[in-house]
Number of protein chains: 2
Amino acid sequence: MNEFEIIQHYFTGPIRFDSPHLVTGPGDDCAVVRVPPESELCVSTDTLLAGVHFPDDAAGALVANRALAANLSDLAAMGAEPYGFTLALTLAEYSDSFLSSFSEQLKWLVEEYKLPLIGGNMARGQLSVTINIMGLVPVGTAILRSGAQPGDDIYVTGYLGDAAGGLANVLSGDKNAGSKQMNQRYSQPVPRLLLGQQIRAIATAAIDISDGFTADLGHLCKASRVGASVQLKSLPISDSLIAQFGLESAQRMALQGGDDYELCFTVAENRAHDMAELNAASSLLLTKIGSIGRAPGVEIVDEYGKSVDVIKGYQHF
Amino acid sequence: MNEFEIIQHYFTGPIRFDSPHLVTGPGDDCAVVRVPPESELCVSTDTLLAGVHFPDDAAGALVANRALAANLSDLAAMGAEPYGFTLALTLAEYSDSFLSSFSEQLKWLVEEYKLPLIGGNMARGQLSVTINIMGLVPVGTAILRSGAQPGDDIYVTGYLGDAAGGLANVLSGDKNAGSKQMNQRYSQPVPRLLLGQQIRAIATAAIDISDGFTADLGHLCKASRVGASVQLKSLPISDSLIAQFGLESAQRMALQGGDDYELCFTVAENRAHDMAELNAASSLLLTKIGSIGRAPGVEIVDEYGKSVDVIKGYQHF
């Protein structure tokens, strides 16, 4: 199959979602979309590479799940709802098994998230997936990284470190290792889109956890020109992660493990009531894990109030 | 330098263009942009890979020129004006010479085309550049590939094949080979943005020439469910290309050479007057090279009306 046949067979043919915003879909020089006048557009791009972001022999479905989650998670961190995406795929050679698995999962995700695939590109090279995602927020309501204030409480969604545990289990080759729930946080991460939209009016700042909790909270603090103090003991760590790796390793994975795709956000102290209400209404675990201060940097403190060495997130160079 | 330092030093720091549409620029989880209510958004993505789309040792400036031109050319083919772009860069290793040359040229292009860089991603891998570009058209005016009708005249802008000649000269390593104008069509292609906007009300269909003239006209015909007949003798081929490669090779390069980033478009016969006016007003060469018919496929005919073998465009698989 040549590139046009691949695109037709695996992508633009079978993967369709008729968005009311889509004027002209894939297949032309550009897609044409309409943005409702009461909305602003959130745009982000993320690349996942074989051997870096997923194992070389990863199944197509896993790559599709993780590539789309990485991008949807950026929308979640802004409080945006999914609008559409483009896909640039490079592939070392034609592989029906990879392309079938990848495109079938993508089709499922497109329908699940009501996210039309509006365009793409395909070329021969090291296996990589670059997604450019677009989302909508009501004008002026996007949650930025830069709004955190000293005194704000810091929250995270879900459990931290499970994706790192899931990755370790994938790499071990032992299909029975670890709990299903933990492993799915790596293989099938669920971006926190609804929660992102629910905190638009409450959060002062938000970021998604992709490089690792400590690193990402550090990005938020830097953008807000503040610092953070985090109680090690408050970190939400799943029983499965602790059972498999022990408490110390689990804490390290929670602090430095990338790709959890949970949200970390800050809330003014006087909004504690709103957070309690949200917590009661939400099926998602929401944990207060520390507070914002004036001194720059992210300090992790143990149960005795003593500073613990901070471990950096993943860096590409 | 780690990825964040690279991004800060070469990209988000020095490369700025303050678009009135940009609410939040790069550095957050997403950029936030506003689309004027009277406009629609055109979106396209293109990847350029080392060893496929440009030589492994290409200078950063050449890569920047060609990556942005490939994407801007897609906007031109829709009649859109530039609005913003994201950049996903993978790099085998940190290289100041590549990054300096790439980012300085990008800065120039951002200002030249008033095109803010609104976000990006950087990772370690085979050198590649994926750009996702956005443009604006007044609602309902985007030129599609699918509007060509039997009887329409077919036009192209500029000269065909010069980029293929320029590439041959780059690969030869002989810095004195070929004319400057021809070589620039490869190293510094100028997307036909203004012309694209000028033909919005005239053209029935348009496509940009990236895979090669014959292949791209074939895409347009397929989308319009028509066919095309093209006079070999009418193809606009530069004197430089013929002087360097001879007529036959020059014609082959014009028909199959990719990456000219000229526009090919169709115009109803009864708009010949508008085309004559546009031709008189435009500084760009506009050549009528054939007409649309009912029989599918692209037929190239010689000066005796005899069909000439059609040569396919570049295919990745």
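Not measured: the values here are computed from a predicted model. Every chain is numbered from 1, with letters handed out A, B, ... down the list of sequences.
Looking at heavy atoms from C-beta onward, A:Phe85 lies out of side-chain contact with B:Thr45 at the 4.5 angstrom threshold. Side-chain contact between B:Asp29 and A:Ile207: present, with at least one pair of heavy atoms (C-beta onward) separated by less than 4.5 Å. In this structure, B:Thr90 and A:Leu49 have side chains that are in contact, with non-hydrogen atoms separated by less than 4.5 Å.
Smallest separation of non-hydrogen atoms from B:Gly27 and A:Arg145: O-NH1, 3.2 Å. Of all the heavy atoms in A:Val52 and B:Arg124, the pair that sits closest is CG2-O, 3.6 Å.
With 3.5 Å as the limit, one finds a donor-acceptor pair spanning the side chains of B:Asn132 and A:Thr86.
Heavy-atom pairs under 4.5 Å with chain B were tallied for A:Ala223, A:Ser44, A:Gly84; the largest tally goes to A:Ser44.
Proximity to chain A (any heavy atom under 4.5 Å) is shown, for B:Val32, by both the backbone and the side chain. Within the 4.5 angstrom heavy-atom criterion, atoms from both the backbone and the side chain of A:Val33 approach chain B. Proximity to chain A is limited to the side chain of B:His219, based on heavy atoms less than 4.5 angstrom apart. Both the backbone and the side chain of B:Ala31 have a heavy atom closer than 4.5 Å to some heavy atom of chain A. A:Ala206 touches chain B through its backbone: at least one of N, CA, C or O sits under 4.5 Å from a heavy atom, while the side chain does not.
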*Apply side-chain contact (heavy atoms from CB on, under 4.5 Å) to the pair B:Val43 and A:Cys30, showing each step before the final yes or no.*
CA-CA 5 Å; B:Val43 183; A:Cys30 294; 5.7 Å; no

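In this structure, CG in A:Leu87 is found 10.0 Å from OG1 in B:Thr130, a value given to the nearest 0.5 Å.
Tested against A:Asp28 for a side chain to side chain contact (heavy atoms under 4.5 Å, CB included), the candidates B:Leu220, B:Asp74, B:Leu144 yield a single pass: B:Leu144.
At most 12 heavy atoms of other shown residues, nucleotides or ligands fall within 6.0 angstrom of atom CZ in B:Arg16.
B:Glu40 places no side-chain N or O within donor-acceptor distance of the main-chain N or O of A:Arg34, the cut-off being under 3.5 Å.
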